[in-house]
Amino acid sequence: MQQQSDFFLSTDQDEQLAIGPGAFCFKGAIIQDGVEIIRAVNDVVAKAEFRHLITPGGRRMSVAMSNCGRQGWVSDHAGYRYQTTDPLTGNAWPVMPRILLATAQSLAARAGFGNFNPDVCLINRYRAGDRMGLHQDRDEGNVTAPIVSLSLGLPATFIWGGLQRSGPTQRFILEHGDAVVWGGEDRLRFHGVAPLKAGEHPLTKDCRINITFRQTGSLDTCR
DNA sequence: GAGTGTCG
DNA sequence: CCCG
């Protein structure tokens, strides 16, 4: 960890931190596009509203979710899965906004993952106290493609584990504008988010928005 | 199948 | 708050 000094300007912006052989945190990478990205999220959730999914075990997830793209991640009594329609409406998920796709592809490339064609864009809204338990992203057919994660609004503590749930974890803060990309041998690492601390952000007010991109198939599945 | 949650 |  580097100590920050008041004499340096924006030392935490566009800094690339390796958190594994195939995993990187890009500090401040999307600050420039923050307003446009949030506008895109608002457009999506106007058509597919945030909702609290239920785990197969019957527990309500604290985080509220929506999706855009060809497929969306959902969970209910029957299990975790991807599906092309919003269970609330039966409609196809909203089209993935250009700015979101372009941002994800650019970040994947910066992390060394070319030809990333995400067909899923999962949007998670965290409010005070909301958390995400340690888990692996393993519902995707294509574990070759990386995961790209964007953080907007309030800061959160990211919990970054290993390939086994019981292994050691590291914690670091994800702030507005940060991006994390993980793939390759880090693709199945356990990860989670500590309970969000209450706060106020100029762009998102009382919440943190996390956007993750996944590619479920090997073909070109963009739309 | 479900621990992307809850409890001690 | 952290761990299991």
Side-chain angles (χ1 to χ4, degrees), chain A residues 1 19-20 23 25 41 44-45 48-88 93 100 104 118-143 145-175 178-183 186-199 204 207-216:
Chain A
M1 268 307 181
I19 57 173
C25 178
V41 167
V44 169
V45 300
E49 64 182 335
F50 281 123
R51 82 291 305 265
H52 295 273
L53 298 179
I54 302 298
T55 68
R59 284 1 223 277
R60 187 187 103 125
M61 295 180 70
S62 59
V63 172
M65 302 180 160
S66 184
N67 291 278
C68 60
R70 199 179 72 80
Q71 308 222 56
W73 186 86
V74 297
S75 175
D76 61 21
H77 67 91
Y80 308 138
R81 66 189 173 277
Y82 286 100
Q83 64 177 50
T84 57
T85 54
D86 179 346
L88 286 186
W93 296 104
L100 298 187
D119 54 339
V120 179
C121 173
L122 171 61
I123 303 171
N124 290 166
R125 183 194 65 197
Y126 292 75
R127 285 182 167 151
D130 294 351
R131 71 187 83 188
M132 183 75 76
L134 204 59
H135 68 281
Q136 290 174 300
D137 288 2
R138 51 184 295 176
D139 302 320
E140 303 76 25
N142 183 358
V143 96
I147 302 290
V148 174
S149 166
L150 312 181
S151 293
L152 296 157
L154 293 176
T157 299
F158 190 58
I159 305 167
W160 183 236
L163 296 177
Q164 298 195 281
R165 178 182 288 277
S166 59
T169 58
Q170 308 168 59
R171 282 149 197 269
F172 53 94
I173 307 297
L174 291 180
E175 299 170 288
D178 294 349
V180 184
V181 180
W182 63 96
D186 293 316
R187 175 63 178 72
L188 291 175
R189 282 176 72 152
F190 279 86
H191 56 282
V193 177
L196 196 83
K197 192 181 166 181
T204 65
C207 69
R208 166 180 188 250
I209 299 292
N210 179 67
I211 311 173
T212 52
F213 301 86
R214 303 107 189 282
Q215 185 172 333
T216 62

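Atom set for the values below is all heavy atoms of this structure, side chains included, hydrogens, waters and symmetry mates excluded. Just so we're on the same page: letters track the sequence lines, and every chain starts at 1. Only a predicted model underlies this, so the values are computations on that prediction, with no experimental measurement involved.
The phosphate of C:dC3 (OP1 or OP2) has no side-chain N or O of A:R165 nearer than 4.0 angstrom. When the side-chain nitrogen and oxygen atoms of A:R171 are compared with OP1 and OP2 of C:dC3, one or more of them lie within a distance under 4.0 Å.
B:dC7 atom C1' lies 9 Å from atom CZ of A:R59, rounded to whole Å. Per the geometry, CZ belonging to A:R131 stands 12 Å off C1' belonging to C:dC2, to the nearest Å. Atom CH2 of A:W73 and atom P of B:dA2 are 14 Å apart (whole Å). Between A:L134 atom CG and B:dT6 atom P there is a gap of 15 Å when expressed in whole angstrom units. The distance from atom NE2 of A:H52 to atom P of B:dG5 is 12 Å, rounded to the nearest whole Å. For the pair A:L188 CG and B:dG3 P, the computed distance is 19 Å after rounding to whole Å. One can place NE2 of A:H191 at 11 Å from P of B:dG5, the figure rounded to the nearest angstrom. Rounded to whole Å, atom P of B:dA2 lies 18 Å from atom NE2 of A:H135.
The nucleotide C:dC2 finds no pairing partner, because no Watson-Crick or G-U wobble arrangement with both distances shorter than 3.5 Å includes it. When Watson-Crick and G-U wobble pairs are counted only if both distances are under 3.5 Å, B:dG1 pairs with no nucleotide at all.
Among the protein residues, A:G133 comes within range of the sugar-phosphate backbone only, with heavy atoms under 4.0 Å from sugar or phosphate atoms but none that close to a base. At a threshold of 4.0 angstrom between heavy atoms, the contacts of A:D139 include nucleobase atoms, whether or not backbone atoms are also involved. Counting non-hydrogen atoms under 4.0 angstrom, A:S75 reaches nothing in the nucleic acid.
Annotation: cation-pi geometry not satisfied between A:R165 and A:F190 (NZ/CZ under 6.0 angstrom from ring centroid, within 45° of ring axis).
Defined by atom type and a distance below 3.5 Å, a donor-acceptor pair is present between the side-chain atoms of A:W73 and A:D139. When only modelled atom types and interatomic distance are considered, A:E140 and A:T216 share no side-chain donor-acceptor pair under 3.5 Å.
Between A:D137 and A:R214 there is a salt bridge, since at least one side-chain N of the basic residue sits less than 4.0 Å from a carboxylate O of the acidic one. A salt bridge between A:D186 and A:R189 is present, with a side-chain N of the basic residue lying under 4.0 Å from a carboxylate O of the acidic one.
Taking the C1' atom of each, B:dG3 and C:dC3 are spaced 14 Å apart, rounded to whole Å.
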